[in-house]
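Everything below concerns the one structure shown next.
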Protein chains: 4
Amino acid sequence: MEIRTDLALEAREMIDEKRSEKMRDKDALPKGMFVKTRENNYILITDIEITSEEAAKKIGKKIGKYLTLEFKNPILDTLDNQENIAKSLSTELTAFISEFCNNSPVIMIAGLGNRNITADSLGPKVVDKVVVTRHVKNIENNDNLEIDARLGNLCAVAPGVMGVTGIETSEMIKGMISTVKPDILIVIDALASRKTSRVNTTIQISDTGIVPGSGVGNHRMELSQDVLGIPVIAIGVPTVVDAATLVRDILEISNNDNNLKLESENEIINMIVTPKNIDIAIERLSEVISSGINMAIHKGFEMKEINEYLI
Amino acid sequence: MEIRTDLALEAREMIDEKRSEKMRDKDALPKGMFVKTRENNYILITDIEITSEEAAKKIGKKIGKYLTLEFKNPILDTLDNQENIAKSLSTELTAFISEFCNNSPVIMIAGLGNRNITADSLGPKVVDKVVVTRHVKNIENNDNLEIDARLGNLCAVAPGVMGVTGIETSEMIKGMISTVKPDILIVIDALASRKTSRVNTTIQISDTGIVPGSGVGNHRMELSQDVLGIPVIAIGVPTVVDAATLVRDILEISNNDNNLKLESENEIINMIVTPKNIDIAIERLSEVISSGINMAIHKGFEMKEINEYLI
Amino acid sequence: MEIRTDLALEAREMIDEKRSEKMRDKDALPKGMFVKTRENNYILITDIEITSEEAAKKIGKKIGKYLTLEFKNPILDTLDNQENIAKSLSTELTAFISEFCNNSPVIMIAGLGNRNITADSLGPKVVDKVVVTRHVKNIENNDNLEIDARLGNLCAVAPGVMGVTGIETSEMIKGMISTVKPDILIVIDALASRKTSRVNTTIQISDTGIVPGSGVGNHRMELSQDVLGIPVIAIGVPTVVDAATLVRDILEISNNDNNLKLESENEIINMIVTPKNIDIAIERLSEVISSGINMAIHKGFEMKEINEYLI
Amino acid sequence: MEIRTDLALEAREMIDEKRSEKMRDKDALPKGMFVKTRENNYILITDIEITSEEAAKKIGKKIGKYLTLEFKNPILDTLDNQENIAKSLSTELTAFISEFCNNSPVIMIAGLGNRNITADSLGPKVVDKVVVTRHVKNIENNDNLEIDARLGNLCAVAPGVMGVTGIETSEMIKGMISTVKPDILIVIDALASRKTSRVNTTIQISDTGIVPGSGVGNHRMELSQDVLGIPVIAIGVPTVVDAATLVRDILEISNNDNNLKLESENEIINMIVTPKNIDIAIERLSEVISSGINMAIHKGFEMKEINEYLI
């Protein structure tokens with residue numbers, strides 16, 4: 001069985017599904033895999049930690065930490081709930097960053113994806129909304145400048161997709177890092193989930209990097225500390241379900257006619273499943289995620305306050 | 001059996017599928033339904049005419065003419081093939097228009113759909129690309145103006161979607177018609193198909209009007225001569241497959257477990273299936289369709305020539 | 001002397017400039033013109049009322065009420081200040097509306113201008129951000145629907161510009177009104193000012209309607225109660241200075257060489273002067289104005305709360 | 001006298017204006033400066049070569065080659081004329097490239113500017129329209145792939161502006177070059193002209209690099225072979241006139257009241273002058289320039305043919 005999902009949470013569920021019911025208890029997790037859940041303001045937070053190669057292999061995810069925030073989609077409909085998610089994201093992201101950096105790191109945001117496809121535009125939209133400060137912080141002899149001491153050192157790039165640039169995202173980011181020299185990279189990307197119920201209702205943070213384009217595009221070289229030389233935190237939201245996966249899952253449940261399966265798959269290869277209101281969902285999610293990032297990096301601002309901050 | 005598809009072509013196929021194989025020949029069509037196919041430059045053209053209420057009820061489509069142009073999607077990759085489709089569309093559209101108007105009618109284009117959702121933006125993009133002339137043609141005492149005699153009288157509107165405007169598309173269009181007084185309305189909309197293979201590879205022209213939003217949005221009041229008081233020609237392209245339809249079709253083929261069916265459907269309600277490269281497809285299709293319209297209404301121009309025409 | 005400015009405030013100043021200094025006191029205003037100023041949270045509010053044809057002719061503005069909110073541009077940089085302006089706008093707009101309607105009117109917003117030119121995109125951007133409710137309010141037998149009682153009845157249209165549609169804005173709006181039947185129309189448009197210092201720092205509300213396109217485009221038929229049959233409130237923001245006006249003003253001050261003047265004018269006809277950061281200014285202004293409208297029509301919401309409200 | 005213009009052509013004219021009329025002939029050019037003009041299909045081509053430090057200092061431009069194509073703006077209204085300009089650009093660009101590279105170089109396009117400000121969006125729009133091939137050419141063991149032999153090796157980036165990214169454009173480009181390793185960089189940028197008549201009617205090609213943001217934004221570190229280590233060809237189009245420059249020029253002609261001058265300047269600092277139809281102009285110019293680049297790099301295609309080419 002090959003596990004193909006961008007979410008560690010789903011990879012774990014799929015293992016569960018394969019086991020007999022008796023075995024579905026915590027003790028039965030692979031050695032070196034730890035799962036904890038907690039709830040905060042109607043947001044379900046799951047921490048998954050993978051510490052052994054054995055567990056990594058079983059779950060199909062690299063050794064590292066994976067955290068998911070799960071919420072109901074309608075929760076994005078009120079400002080209060082948006083703020084709750086942004087604050088939770090900010091708290092968890094702060095913990096991830098402090099794992100790698102102590103003081104006031106230079107942080108680069110990379111918003112992956114294609115601006116022209118609604119479901120794939122989450123990354124570029126977050127880049128548009130974060131409050132960048134590096135160009136002001138970096139001015140030499142800026143003693144005369146009054147810079148708000150609460151502001152961290154942030155820059156942000158939207159490298160575009162290979163079909164438009166002719167360049168692998170990893171090459172592009174690697175090059176930018178070589179001159180900009182950030183201490184840490186935070187990558188934002190739209191992911192693919194196996195379940196339609198999880199689309200636009202889950203945010204995953206991980207410290208293991210990311211393989212760009214697993215959501216809408218194709219698999220590309222990974223963005224990770226191994227490849228880039230600096231820590232990489234990935235923030236991903238499933239915005240689509242791969243149509244072939246959806247169909248395969250349905251057919252697996254309903255029967256086992258392999259010929260039928262293959263024929264159906266073939267027809268829907270390169271198709272994605274996405275909600276009808278994807279434009280509003282992406283707008284709200286980019287607001288929530290940029291707010292979470294802004295509050296994690298620029299300390300002591302309220303969500304809306306920092307979103308309107310202008311250098 | 002309820003037939004739900006925007007394409008008359010598919011409605012007919014679905015009837016075929018329900019009948020025993022022996023009966024699948026032309027003579028077995030419902031009384032008052034006529035189907036002809038021809039080919040032109042690798043484009044398959046199917047004329048469907050429904051002339052009786054009986055056939056209309058059986059096929060689930062109104063009495064009238066339906067024409068589909070089917071082509072291979074990669075055909076849009078070369079300019080030659082784009083021009084072939086645009087020319088075919090222009091020829092067929094000219095025939096549809098001349099059914100209702102003789103001389104030089106005032107024509108209004110209405111591009112339906114949501115500009116912010118890639119798969120639903122076909123209509124507004126066509127509006128951006130047609131060459132409007134009505135404001136110049138309508139100038140009183142324009143004897144001093146040298147207006148190219150080849151240009152027809154065209155105007156174009158993109159009424160937006162109800163979620164943004166709070167207004168039914170049909171109310172909006174009806175109002176515009178009351179002051180602008182066009183002789184004929186051509187509506188452009190993104191449709192839903194039952195088959196992924198037909199997405200972005202089929203153009204349907206019909207003289208029966210359209211129910212806006214059957215593609216991505218919800219069903220709304222129809223745009224038709226009955227409602228609007230002037231002839232309505234609809235140009236539609238399936239850009240998505242309804243996810244519930246896709247799943248239902250797959251399950252119908254593979255088994256008949258109704259509980260399973262309902263559960264799966266429920267999960268994917270309000271989801272659509274769309275190709276990964278939908279941005280490029282919509283760009284090309286809007287180019288081809290606007291060219292077809294431009295050439296049908298402004299006589300004697302080449303495709304690219306008229307596309308660059310500026311009033 | 002011909003006065004050409006979209007702002008009543010400027011028209012009045014220009015009269016002042018033509019008079020000798022001694023005469024520049026309130027008593028010297030034309031008969032039938034009344035001017036009052038007040039300040040509210042660093043926002044300067046000027047009420048201008050024109051009640052006689054004589055004053056109307058002198059000032060070059062129709063009989064009616066004109067109110068301007070003037071603020072410093074950097075004031076848009078903090079959320080607090082944005083909220084102050086939105087609240088002031090909401091209060092003043094409520095007063096303008098209650099002049100014409102008592103209870104719960106059906107209100108139509110029309111956002112004029114060209115979405116593709118940054119300085120002219122204010123109207124369409126406000127339309128995107130107001131909370132429309134008419135389609136929900138209008139559902140027959142909606143007793144089972146729980147609709148927030150605070151919500152007013154609002155719809156919103158962005159008719160586009162004549163170069164794209166081939167239709168006069170006034171024809172388009174008049175048609176929509178004939179079927180949608182709103183009780184009052186609120187028009188949003190980008191204006192032209194005479195002074196660069198007033199660009200993006202002034203909001204004018206008037207009850208006399210508007211001549212669309214005086215900002216970036218060309219003069220078109222007016223939108224007013226005379227033409228449309230319902231009360232028209234216009235909200236305008238100068239986002240540009242007409243380049244010819246700017247040059248003429250500079251030359252008038254510096255010398256009187258008419259030949260030079262004409263030559264210079266000729267060269268810069270059809271040019272506009274606009275700030276370099278026009279993208280950010282339009283984004284903020286559309287946020288502030290849509291919030292002001294939302295709070296005036298949907299009672300009892302906070303600015304950010306109502307902005308996130310989803311039907 | 002300080003000369004501030006992005007165009008070598010204008011720098012030269014300004015020197016001319018300072019000299020007495022007698023001296024305005026070719027022989028009177030500074031030593032080490034050579035100017036030649038020719039015409040091609042109604043396009044005026046001027047070659048300016050600066051070979052000495054003395055001339056460079058006098059003209060305020062670096063040692064190197066500057067070529068301008070001047071055409072009438074309405075010339076962009078017909079496809080024939082667009083093709084003539086694209087072909088001329090292609091021919092001249094080919095000559096500039098062959099100055100530095102012999103065979104089949106890897107070429108990187110960098111489209112500078114802010115996508116959200118119409119007048120500054122030329123660079124990003126050209127990037128969207130060039131046909132990138134590097135990702136296909138670079139596939140190892142691509143013997144089985146049939147790649148059209150006419151295609152050159154091209155990639156393209158739109159680095160964004162410092163206000164959005166927090167990163168100097170030159171840092172961004174330098175980093176990308178370090179991993180992508182192109183043989184030559186072609187930079188596209190919107191420039192500022194001194195004369196409104198030159199806006200959107202002039203294309204400048206130079207081999208000396210560019211200082212990004214001199215059009216709409218602020219001066220930034222230069223993009224040149226000195227800084228980047230590879231040859232840099234710059235393609236620039238004046239899309240705006242700096243408002244302060246315009247006013248200063250007008251005042252210089254009309255009188256010499258310095259107080260007035262300073263006051264006026266102060267008011268319009270950070271303002272730009274741009275045509276009302278800037279959206280259409282940028283759309284056409286980006287089409288023409290991307291076509292010129294495509295034809296220069298991918299040999300043997302017609303303009304429209306290569307524009308529709310899809311990898």
Side-chain angles (χ1 to χ4, degrees), chain B residues 106-111 114-116 124-139 151-182 213 217-218 220-221 227-229 290 297-298 310-311, chain C residues 106-111 114-116 124-139 151-182 213 217-218 220-221 227-229 290 297-298 310-311:
Chain B
V106 178
I107 297 178
M108 180 188 277
I109 304 289
N114 186 341
R115 206 179 270 281
N116 294 322
K125 289 217 162 157
V126 168
V127 166
D128 288 348
K129 288 175 180 161
V130 292
V131 175
V132 298
T133 53
R134 177 179 168 278
H135 54 311
V136 183
K137 291 265 176 179
N138 274 20
I139 295 170
L151 294 170
N153 192 326
L154 186 66
C155 59
V157 298
V161 291
M162 201 171 70
V164 173
T165 64
I167 301 171
E168 289 275 1
T169 303
S170 57
E171 287 181 281
M172 200 94 107
I173 302 278
K174 199 171 182 177
M176 290 168 180
I177 286 175
S178 77
T179 49
V180 174
K181 298 194 195 315
N218 300 313
R220 306 273 167 246
M221 282 166 53
V227 171
L228 301 173
S290 59
I297 294 171
H298 310 305
L310 260 198
I311 296 294
Chain C
V106 178
I107 298 177
M108 181 188 276
I109 305 289
N114 185 340
R115 207 179 271 280
N116 294 321
K125 289 216 161 158
V126 168
V127 166
D128 289 347
K129 288 175 179 162
V130 293
V131 175
V132 297
T133 53
R134 179 180 168 277
H135 54 311
V136 183
K137 291 263 177 183
N138 273 21
I139 295 171
L151 295 169
N153 193 325
L154 185 66
C155 59
V157 299
V161 292
M162 202 169 70
V164 173
T165 63
I167 302 171
E168 288 276 1
T169 303
S170 57
E171 288 181 282
M172 200 95 105
I173 302 276
K174 200 172 182 175
M176 289 169 183
I177 286 175
S178 77
T179 49
V180 173
K181 300 193 194 314
N218 299 314
R220 304 277 169 244
M221 282 166 52
V227 172
L228 300 175
S290 59
I297 293 170
H298 309 305
L310 261 200
I311 295 296

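Just so we're on the same page: letters track the sequence lines, and every chain starts at 1.
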Checking C/Asn153 now: which residues fulfil side-chain hydrogen bond (donor to acceptor under 3.5 Å, both in side chains) with it, not counting sequence neighbours?
none
Between C/Ser178 and chain B, with a heavy-atom cut-off of 4.5 Å, which part of the residue counts as in contact: side chain, backbone, both or neither?
side chain
Among B/Val164, B/Ile109, B/Asp128, B/Ile173, which residue forms the greatest number of heavy-atom pairs with chain C at distances under 4.5 Å?
B/Val164
Identify, with sequence neighbours excluded, every residue that meets side chain to side chain contact (heavy atoms under 4.5 Å, CB included) alongside C/Thr179.
B/Glu171, B/Lys174
If you round to the nearest 0.5 Å, how far is OG1 of C/Thr165 from CG of B/Leu154?
10.5 Å
Just one of C/Met108, C/His135, C/Met176 clears the side-chain contact (heavy atoms from CB on, under 4.5 Å) bar with B/Ile167, so which one?
C/Met108
